[in-house]
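Right, one structure below, let's go through it.
As the structure lists them, so they are numbered: ligands from 1, and atoms in each ligand from 1.
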Amino acid sequence: MQHKILITGGAGFIGSHVVRRFLTNYPEYEIINIDKLSYAGNLENLQDVADMTNYTFIKGDIVDLQFLKKLFKKYKFTGLIHLAAESHVDRSISDPLEFIMTNMLGTANLLHVAQEYRKKNSGFLRFYHISTDEVYGSLGEKGLFTENTAYDPRSPYSASKAGSDHLVRAFYHTYNFPVVLSNCSNNYGPNQFPEKLIPLAINNIMLSKEIPVYGKGENIRDWLYVEDHAAAIDLIFHKGKPGETYNVGGNNEWKNLDLIKMLCKIMDQKLDRTEGTSERLIRFVKDRAGHDLRYAIDSSKIASELDWQPKLDFKTGLSETVNWYLKNQDWLDHILTGEYELYYDQQYSKR
Ligand code: NAD
Ligand code: TYD
């Protein structure tokens with residue numbers, strides 16, 4: 001099969017790993033990456049593959065219906081992997097409407113245009129929607145999210161992703177549109193924008209700045225290395241069943257405070273600092289509004305049906321992630337200017 005795949009949000013964190021994986025593993029495919037290049041989109045993430053002959057980047061916004069119509073007219077897509085989104089919970093608390101526009105209206109536009117296109121082009125085989133475990137809400141101390149857990153989103157981010165998931169499933173049931181979905185736990189790894197916990201802490205430790213820990217640091221997340229997620233996306237795109245959802249997780253739950261302490265130890269070693277130096281940077285700050293206590297994924301369905309397992313253990317993954325940030329100071333420097341300083345100040349100065 002010679003696919004022509006539209007990837008949305010390919011200049012972001014997870015999207016850039018997916019674009020690279022598909023370009024490298026499937027040189028016979030054509031990959032068209034559209035991205036609005038919001039604050040989180042960064043073409044430096046894809047510098048190493050930008051000149052590949054089977055790759056095209058187009059700057060564009062999924063909220064722009066006319067842009068999408070022209071795009072589908074020009075390219076005879078066989079499939080679509082949809083990652084474009086506003087993705088940070090704290091930003092969704094301060095600016096919810098952007099999330100509703102991109103995550104809900106943008107997804108609706110893509111579904112509509114792709115469905116209209118498919119009516120005339122039987123070669124369109126797959127609409128793959130990437131989502132998050134946050135749609136399931138917050139767990140207590142026990143239990144795991146399965147594909148059958150009822151939706152209970154509690155932040156504007158997770159509610160907008162839940163809305164987009166519902167739309168995708170509605171297109172399957174109503175039009176027999178060939179969708180597939182996955183809901184994944186927290187990703188970490190190279191190229192993640194330093195607003196999310198792990199890269200923010202790495203950057204602050206490098207700069208000997210305080211590490212803001214929300215509340216008492218007792219919230220729990222299930223962490224997955226981004227390359228492991230990209231491998232799951234590859235499998236689901238090729239082998240997932242139409243209409244199905246796959247939960248993807250790291251089977252790797254950590255309390256925020258324990259995670260930060262481990263990161264501090266790793267960084268003290270790498271930066272040749274006396275043990276305990278980085279831990280002294282930890283500062284407990286005002287909690288996030290509506291902070292979900294715990295996320296944890298049951299990924300037995302993708303394990304048994306598609307034979308997927310996370311490969312990298314957390315300590316190695318964290319160590320490799322730190323190495324990447326230490327080696328890619330230029331990447332960070334280009335981000336840590338005007339917009340980021342303003343954002344950081346707004347989020348953290350009053351906590
Ligand atoms: P990210 O914020 O790093 O990247 C999002 C990308 O989408 C950026 O390149 C941005 O420019 C682009 N974008 C934003 N609005 C757009 C628009 N209107 N039109 C076109 N492009 C637009 O996010 P990420 O962490 O890479 O997440 C990618 C996807 O995976 C999202 O759908 C997110 O909900 C989902 N997800 C993320 C995680 C995680 O831990 N990061 C976990 C599970 C699921
Ligand atoms: P984050 O990386 O924003 O992912 P999400 O909220 O989507 O799970 O946050 C991960 C956890 O870390 C979450 O419980 C909130 C917490 N956190 C902090 O304690 N301090 C911070 O500065 C940030 C960004 C997050």
Side-chain angles (χ1 to χ4, degrees), residues 7-19 33-43 45-46 58-64 67-68 81-93 98-99 101-103 105-107 109-110 129-135 138 155 157-158 160-161 164-165 182-189 191-201 204 210-224 226 229-230 233 247-250 254-257 259-260 282-288 290-295 297 344 347-348 351:
I7 297 185
T8 71
F13 165 48
I14 301 171
S16 60
H17 288 269
V18 173
V19 167
N33 170 17
I34 62 162
D35 196 297
K36 166 171 127 174
L37 299 181
S38 72
Y39 77 90
N42 187 348
L43 288 178
N45 292 346
L46 290 165
I58 300 166
K59 185 171 186 301
D61 188 337
I62 57 169
V63 175
D64 181 348
F67 162 70
L68 293 179
I81 306 178
H82 176 34
L83 295 117
E86 289 291 335
S87 68
H88 188 40
V89 174
D90 290 327
R91 287 189 195 250
S92 84
I93 294 168
E98 268 292 312
F99 284 69
M101 292 299 281
T102 285
N103 299 358
L105 183 58
T107 303
N109 282 344
L110 275 172
H129 179 63
I130 309 292
S131 194
T132 166
D133 61 354
E134 304 191 26
V135 297
S138 181
S155 75
Y157 165 62
S158 54
S160 65
K161 290 296 289 186
S164 67
D165 293 9
S182 56
N183 294 77
C184 187
S185 64
N186 288 60
N187 283 216
Y188 73 99
N191 305 94
Q192 189 169 29
F193 194 86
E195 63 186 352
K196 306 276 166 59
L197 179 66
I198 290 178
L200 184 139
N204 285 15
E210 284 178 343
I211 311 164
V213 173
Y214 297 167
K216 293 183 181 155
E218 285 176 345
N219 302 68
I220 294 171
R221 298 291 183 263
D222 172 0
W223 295 94
L224 179 70
V226 63
H229 188 192
I233 290 173
N247 276 1
V248 184
W254 284 80
K255 269 192 187 159
N256 291 340
L257 187 58
L259 186 165
I260 294 296
I282 291 175
R283 188 173 143 233
F284 294 97
V285 300
K286 190 172 157 223
D287 209 350
R288 172 186 280 171
H291 196 172
D292 289 340
L293 177 67
R294 176 172 165 253
Y295 305 142
I297 282 269
Y344 199 91
Q347 284 293 336
Y348 295 98
R351 277 191 189 267

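- Salt bridge R91/E86: absent, no basic N to carboxylate O contact under 4.0 Å.
- Between Y214 and F284, the distance from one ring center to the other does not fall under 6.0 angstrom.
- Checked against a 3.5 angstrom limit, the closest N/O atoms of Y39 and ligand 1 fall outside it.
- Remark: minimum distance from atom 28 (C) of ligand 1 to any protein heavy atom is reached at L83 O, 3.4 Å.
- For atom 40 (O) of ligand 1, the nearest non-hydrogen atom of the protein is N187 N, 2.8 Å.
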Practice task
Output, in order, the C-alpha distance, side-chain angles, deciding distance and verdict of side chain to side chain donor-acceptor pair (under 3.5 Å) for K196 and S87.
Solution key: CA-CA 10 Å; K196 306 276 166 59; S87 68; 3.0 Å; yes

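- Looking at Y344, Y214, F284, W254 and measuring to atom 23 (C) of ligand 2, the nearest heavy atom belongs to Y214.
- For the pair R221 and Y188, the cation does not sit on the ring face, since its NZ or CZ is not both under 6.0 Å from the ring centre and inside 45° of the axis.
- Ligand 1 has no N or O atom lying under 3.5 Å from any N or O atom of E195, backbone or side chain.
- In terms of protein heavy-atom proximity, atom 3 (O) of ligand 2 is closest to R288 NH2, 3.0 Å.
- Taking only nitrogen or oxygen atoms, main chain and side chain alike, K161 reaches within less than 3.5 Å of ligand 1.
- For atom 41 (N) of ligand 1, the closest non-hydrogen atom on the protein side is I14 CD1, 3.7 Å.
- Backbone and side-chain nitrogen or oxygen atoms of S38 are examined, and one is located within less than 3.5 angstrom of a nitrogen or oxygen of ligand 1.
- For the pair D90 and ligand 2, the shortest N or O to N or O distance does not fall below 3.5 Å.
- Distance from atom 42 (C) of ligand 1 to its nearest protein heavy atom, with residue and atom name: S185 O, 3.3 Å.
- For ligand 2, the polar-atom distance check against Y295 finds no nitrogen or oxygen pair separated by under 3.5 Å.
- For atom 11 (O) of ligand 1, the closest non-hydrogen atom on the protein side is D35 OD1, 2.5 Å.
- Between V63 and ligand 1, no pair of N/O atoms sits closer than 3.5 Å.
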